[in-house]
Structures are given as C-alpha cells and as structure tokens.
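Chain letters run A, B, ... following the sequence lines, proteins first, then strands; residues in each count from 1. Atoms considered below: every heavy atom in the structure, side chains included; atoms not considered: hydrogens, waters and symmetry mates.
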There are 2 protein chains.
Amino acid sequence: MIDTDELMSIRAAELYYEENKTQDEIGSILRLTRWKVGRLLAQAKASGFIRIEIVHPRARRLPVERRLREATGLKDAIVVSSVGVAGDEELQSRTAQAAADYLTGLRPIPRTLGISWGRTLHDVSLHLKHGWAPGVDVVQINGGVSLNKRAGTAATTAATIAHKAFGAATLLPSPAILERLETKHAIESDRAVAAVLEQAAGASAYLYSAGQADEHSALVDSGYLSADEVGELVRKGAVGDIVGRYIDKNGAIVDPELDERTLGIQLEQLRRASLAIAVISGSAKHAVARAIVGSGLCTVLVTDEDTARALLGDDV
Amino acid sequence: MIDTDELMSIRAAELYYEENKTQDEIGSILRLTRWKVGRLLAQAKASGFIRIEIVHPRARRLPVERRLREATGLKDAIVVSSVGVAGDEELQSRTAQAAADYLTGLRPIPRTLGISWGRTLHDVSLHLKHGWAPGVDVVQINGGVSLNKRAGTAATTAATIAHKAFGAATLLPSPAILERLETKHAIESDRAVAAVLEQAAGASAYLYSAGQADEHSALVDSGYLSADEVGELVRKGAVGDIVGRYIDKNGAIVDPELDERTLGIQLEQLRRASLAIAVISGSAKHAVARAIVGSGLCTVLVTDEDTARALLGDDV
DNA sequence: ACCCCGTCTGCTCATATGAGCAATCTGCCC
DNA sequence: GGGCAGATTGCTCATATGAGCAGACGGGGT
C-alpha cells in the first residue's frame, strides 16, 4: 500500500488544489474518510510534491531570509524571488526595488544616511518614491565618479535619494582613488572634504553596494584603475570592492598601499556601524557577498534568491 | 492605493504560503483586519500571482481534462502534467502509465480489448500491474510487426496485457500492409485471419496509439513503407497513422489504394465504437492528435499537457 | 453643497480544517 | 497461536476560513 498511498495523495492534491474540492468531497470521490484525505494532503506537502510559488517581481523569500539571519547573524535579510527572471538585469532591478522598499519601511528613520555610489545604488534611488521619508540627509561615504563621461551619476544618486526624502545631500568632493599618497592626505585634510568625512563617520545608517573584482568593475569603468591593475588584485585574492576598497574572501584589504590612497570611510567604520545595509545581486557577486557577510561588513543584506542560496550553501 | 493593494497581497501571500501564518496573524503583522487579508489572498490567487504545481510523475491536470472534454465532446480525457520533464521519452512514459492507470480503473471491465501495437502500447503493457483486471481477452486490431528484427514486439504487447489480466491474447497473423491487393484479399478470407478480424470487430473496447507521419514511423521502421513513400503521403496531407492507416488533418484516409492493402479494422469501426481509447504523447504528434480527436476516432484520449493545450489552442 | 451609486469594510454565521487522543490494526517475535 | 510495539484509523473539539450582508465611504453629477 505504500505506493497506493503516494498515488492517492497526488489524486487528492489534484482535486484539492486544481479543482478546489473540499476534503470531504475528495473523501467521497476517492472512498476515503475526510481525515485520511487531510493526512494524505499533509503528506504530499511534506514530501514536496506540492510546490507553491509566488510569481511577482516584488515577491520575497521569507524562509530563505530567516535561514540567512540564523546562519549569519545578520540583523535582517531581504531576499527577492528569482522565479521567472530573464537575466541579471531584471534581478538587479528587483533587488534595488526591494532595497528601496526596505529603506522606506525602516524604523527609526535614520537622520543621516551614508551612501556609496554605483549602478546598484543609482537603481535604488530611482525606485524610491517621492516622499519615501520625512527628511533624511544623505552623505557620500567614498570618493565619487568624476573622471569619466558618466560624471555626475554618483552626485545624482545622492541628490535623488535626499531630494525624495525632503533632505539635503552632501557630496564628497574628491576622487575615489588618488594617484599619490600625499595628494590623498592633502585633500583629506582640506576643510571641505574633512567635514564631509566627519559627517559620513557620524551617519546613523549606511547603504552601499559592492563591485565584483574584474574588468567590469565601476572603478575600472570610471578610470581609477586599469583592467591590468584589477587583474593583479585578483591574483592577490581580491573578490570584489566595497566603497572603493578591494577585499579578499575574508573581508580583509587586499592591497594596503592602494587602500591608503583610497578616500572614504574605513571598512572598520562599517563594521562598527549599527546599521549597514548592503545591496548585492547577480551571480558574479556571490563571492563578494560571502566576504561581506562573513566578515561582518553589513548588518542588513538585500539580495536575490540565488545569491542567498549560494551563501547558505544550498544546492539546486 | 491600487499599487499598495497588490504589494500587500504579495506580502500576505508570502506570510501565508511560505511562513504558514494564519490570516489573523498576518493581519496584525500588516496592520489589516483578517478579512482584508483573506480578500487580498483571494485577489492574489485570482490574479495568478500564486502558482500551485503538483510535482509528481503521476500528476494529472484535471482542469485541462475538463476543458478538453467540454471543448471536444470526448467521453473522457486524461492529461498528465509535464512539469519538470526532461524529454519526450519521459513524457511518453508518464502518458503510458496514465493509460495503464485508466485501463485499470475502467468500469465496466471490458470483456474483449482490441489493441494496436507500437512503442506506446508496449509501454502501456509494461506499466500495467499483474492482475490489473480479473479476466480480459485481448485481440490485435491490425496487422503485426513481423518483417523486421524487432518481430514479436506486437505479439509481446498483446500477450503481456492479456496475461496480466488473466485473459487470452489473440494475435492477428498477418502483415500490416500487403504489397498486392489480391494477397490482402486472400489472407483476409483465410479462416484464421477472418476469425480474428471478427473478434476484433466485436471488441468491447479499443486501445490504440498513433504514429507521426515521418521517417520515424513504426511502419517505416518495420519495413512496410520506405521513407520516400511516407514523404509522398505527407505531400498528400498525411499527419500520421493509426492502426496502420494514414490520415489527413480531417481524419480521412490519405491514400485509398494503400489503405485497401492495409489489413486490420476500419477507421469507421473505431468511430462507431462506444469505447475507443487513444494514447498519444509528444510534440511530434500534436497534428495527429488533432485529427483523431477532431474526427471522432476516439472517445477517450490519454495524453500529455502540451498536446492537450495544443488541442485547446492555448498559448504559452 | 448635496445626493446617489458603486465600492469597500467589518461584521455574523456556517463550514472547512487541523490537533490531539483513544481504539484498532499489523507485523513481528517468541 | 499469543502478545507486544508501533503505526494507522476515526473520532471530538478548537480553530481557521469563506459567504454573504449591512453600513460606511468616496467621487462624480447636478
């Protein structure tokens, strides 16, 4: 009867879920008591024969979120569903949307939000609704894009987020990476820059994304590094960058000399922050995500299902 | 609020289906009354955001079956689910299994079952359980495979089905297609053959499959026709063959001269039968399936979801 | 400003479902 | 064949859910 039972549970499931019959009705159809039907149904669910999916761009995966929180000690985890997604493009958009949602629902509302810049952050800024918060000041936490043609993206991101929250944006008027250490020290001690760094250090929340360590990095795109230099960093163990700083799989700085010349808040400041939100999505960023979460660089992670599962070591 | 409502229904669905919360609990989490939650959930289902799939090789698609019955006037339709299926191979096996299940559950139990032969029917015979019926005689309804190396497949199929039902198998001792019309007439009037044909004509149920019209047909494989001859039939409008006879999309005989030389029951006999079960699966057979169902050649169709949807004209 | 009509809300009540328990059955060892 | 342990069954009772309805609400039209 072992086989019969499984088959019956499938028949029952068809009638229950596809034909919306009551367990009672199914009972009389299959010549079973309604309790047996209930048990068959429970068994079918337990055996995983019944798959329930929520098909919507804004759908999240709460069970995965909980497992992530439990496994990593994150204060919070937001995982967007990746069912029915075409490419990384759409996945990143969904993740950015989720980050925007998370920010909007955040309580207490941060007074000052420190942000990095990049494609992802820009995406988040676009997904935020006008009036998402009743007054939040935004401050950049690392040097901006100013060398390349897309100049202004970083500034626009900060300005948009602040504007939509009826707050002020403070930009960090400096390159991300300086060529000479002396220049970096000089610019760092400039009153205008120092003030921003100070404000950044005192932000009540941080929001940043991460770049993968390859020639597609925004830092390469912006002209701060050459593809060769990044290749060298990868050889030294770099898995990606956050706020302009390259880290290895343990979340440690890969190249101290380069890091010295990088302007913006220190990783330690992020690690000490009580609220640091990392927004990371796409299969290319699984490694950075692992490094960030593993080394306590964020307290909240917003990501996609695939990345989350990679962090959890799920197969499939 | 239109957008908010949809988002809320998704949040509610996550909590309900992924976290097994009660609508009440969800209500207090989302700050809604439990009735609102119920409505949101109903709305999410209605909008198709909640997809419930039964993942099991023996799972059927009852709603599709009903639509098929309603749209075509079939007495019954059995549609196996094609979720998570690798190739046609697996689909055909599932369909054969379903046909075996259907035969087993059939009431009243037919006294004599007329069957054709082929890969599909053989598959069905293997899926039947020993003792599937308390006595059913089996009779072949068209000429058998005897020209090629796989000789005996047809005989084995009939014998297996009969044996497992504690009944007798009657084989049709004749080729499927004769080269000359006179030979056909001669063999047809032979006592041994005529008796079988008579028994076949009086069967209480028929079970047969169909072949697609191309060089992979079992008739080509068995050496009754050459690939060229089949190509010619296709040019004349053939979409496939059943019981050795090639039909066009209207279920009409394509080549009367060839058909005259084909030995076995007439299509009209199938059309008049009160129980004619066609077992058809695989994307290559959508066209034949349409011809068979459309021209009333079967009263019961056992098929896969894709074929069923093709018959119904569903997109997706 | 007023009213009307259609929609939405929160309710009552009937029904469906799940938890837990005692009775029964089944296989298994002696 | 007897008796025992664990599984399985059918039940009672508490709970969750869905149908249907009366009142509140909203947004045009006059």
Side-chain angles (χ1 to χ4, degrees), chain A residues 1-56 58-63 65-66 101 104-105 129-131, chain B residues 1-56 58-63 65-66 101 104-105 129-131:
Chain A
M1 289 299 174
I2 172 158
D3 193 33
T4 309
D5 242 30
E6 181 171 312
L7 187 55
M8 274 307 197
S9 76
I10 297 303
R11 295 283 161 263
E14 289 160 2
L15 292 162
Y16 193 71
Y17 291 105
E18 302 194 323
E19 299 284 85
N20 317 296
K21 302 237 181 258
T22 126
Q23 300 189 359
D24 234 355
E25 292 177 284
I26 298 173
S28 55
I29 293 172
L30 300 182
R31 297 152 187 287
L32 299 167
T33 62
R34 72 189 179 78
W35 296 284
K36 182 67 181 171
V37 174
R39 282 174 183 129
L40 248 21
L41 249 17
Q43 189 187 316
K45 260 195 232 173
S47 320
F49 296 144
I50 303 190
R51 182 183 298 161
I52 300 184
E53 269 174 359
I54 302 173
V55 191
H56 194 282
R58 309 274 282 260
R60 284 162 48 185
R61 304 308 316 275
L62 305 188
E65 294 182 358
R66 182 179 17 198
D101 290 347
T104 305
K129 287 229 286 272
H130 190 76
Chain B
M1 289 303 171
I2 172 162
D3 193 33
T4 308
D5 241 30
E6 181 171 311
L7 187 55
M8 275 308 198
S9 75
I10 297 302
R11 295 282 161 263
E14 289 160 1
L15 292 163
Y16 193 71
Y17 291 105
E18 301 195 323
E19 299 285 83
N20 316 297
K21 302 238 180 254
T22 132
Q23 299 188 2
D24 232 357
E25 293 177 285
I26 297 171
S28 55
I29 293 172
L30 301 181
R31 295 151 188 288
L32 299 166
T33 63
R34 72 189 179 80
W35 296 284
K36 181 69 182 169
V37 174
R39 280 171 185 131
L40 248 22
L41 249 17
Q43 189 186 316
K45 258 193 234 174
S47 320
F49 295 144
I50 303 190
R51 180 182 301 162
I52 300 184
E53 269 173 359
I54 301 174
V55 192
H56 193 282
R58 309 270 286 256
R60 284 163 47 186
R61 305 308 316 276
L62 305 188
E65 294 181 358
R66 180 177 19 197
D101 290 347
T104 305
K129 285 228 286 273
H130 190 75

Exercise. Is a donor-acceptor contact shorter than 3.5 angstrom present between the side chain of A:Arg39 and the base of D:dG10?
Worked result: yes

Exercise. A:Leu40 CG to D:dG10 P: how many Å, rounded?
Worked result: 12 Å

Restricting both atoms to N or O, compile the protein contacts to nucleotides 13-17 of chain C shorter than 3.5 Å, with distance only.
residue : atom : partner : partner atom : Å
C:dT17  : OP1  : A:Tyr16 : OH           : 2.9
C:dT17  : OP2  : A:Thr22 : OG1          : 3.4
C:dT17  : OP2  : A:Gln23 : N            : 2.8

Problem set entry | Least distance between heavy atoms, B:Gln23 atom then B:Gly38 atom | OE1-CA, 3.4 Å

Exercise. Can you name the nearest heavy-atom pair linking B:His56 to A:Glu6, along with the distance?
Worked result: NE2-OE2, 2.6 Å

Problem set entry | Distance in angstrom units between A:Leu32 CG and D:dT8 C1', rounded | 13 Å

Seminar exercise, completed: Atom CG of A:Asp5 and atom C1' of D:dT9 are separated, to the nearest Å, by 12 Å

Problem set entry | Separation of atom CG in A:Leu41 from atom C1' in C:dG18, rounded to whole Å | 12 Å

Problem set entry | Short side-chain to backbone donor-acceptor contact, B:Glu18 and A:Pro63, under 3.5 Å | no

Exercise. Quick one: are B:Gln43 and B:Asp5 in side-chain contact, heavy atoms under 4.5 Å?
Worked result: yes

Seminar exercise, completed: Result for side-chain contact (heavy atoms from CB on, under 4.5 Å) between B:Met8 and one of B:Val37, B:Leu30, B:Ile26 points to B:Leu30

For this session: Take the protein atom CZ of B:Arg31 and the nucleotide atom P of C:dT9, then report the distance between them rounded to whole Å.
Result: 17 Å

For this session: Examine C:dG10: is either OP1 or OP2 under 4.0 Å from a nitrogen or oxygen in the side chain of B:Thr33? Give yes or no.
Result: yes

Seminar exercise, completed: On a heavy-atom basis, the closest approach of A:Glu19 and B:Arg66 is OE1-NH2, 2.8 Å

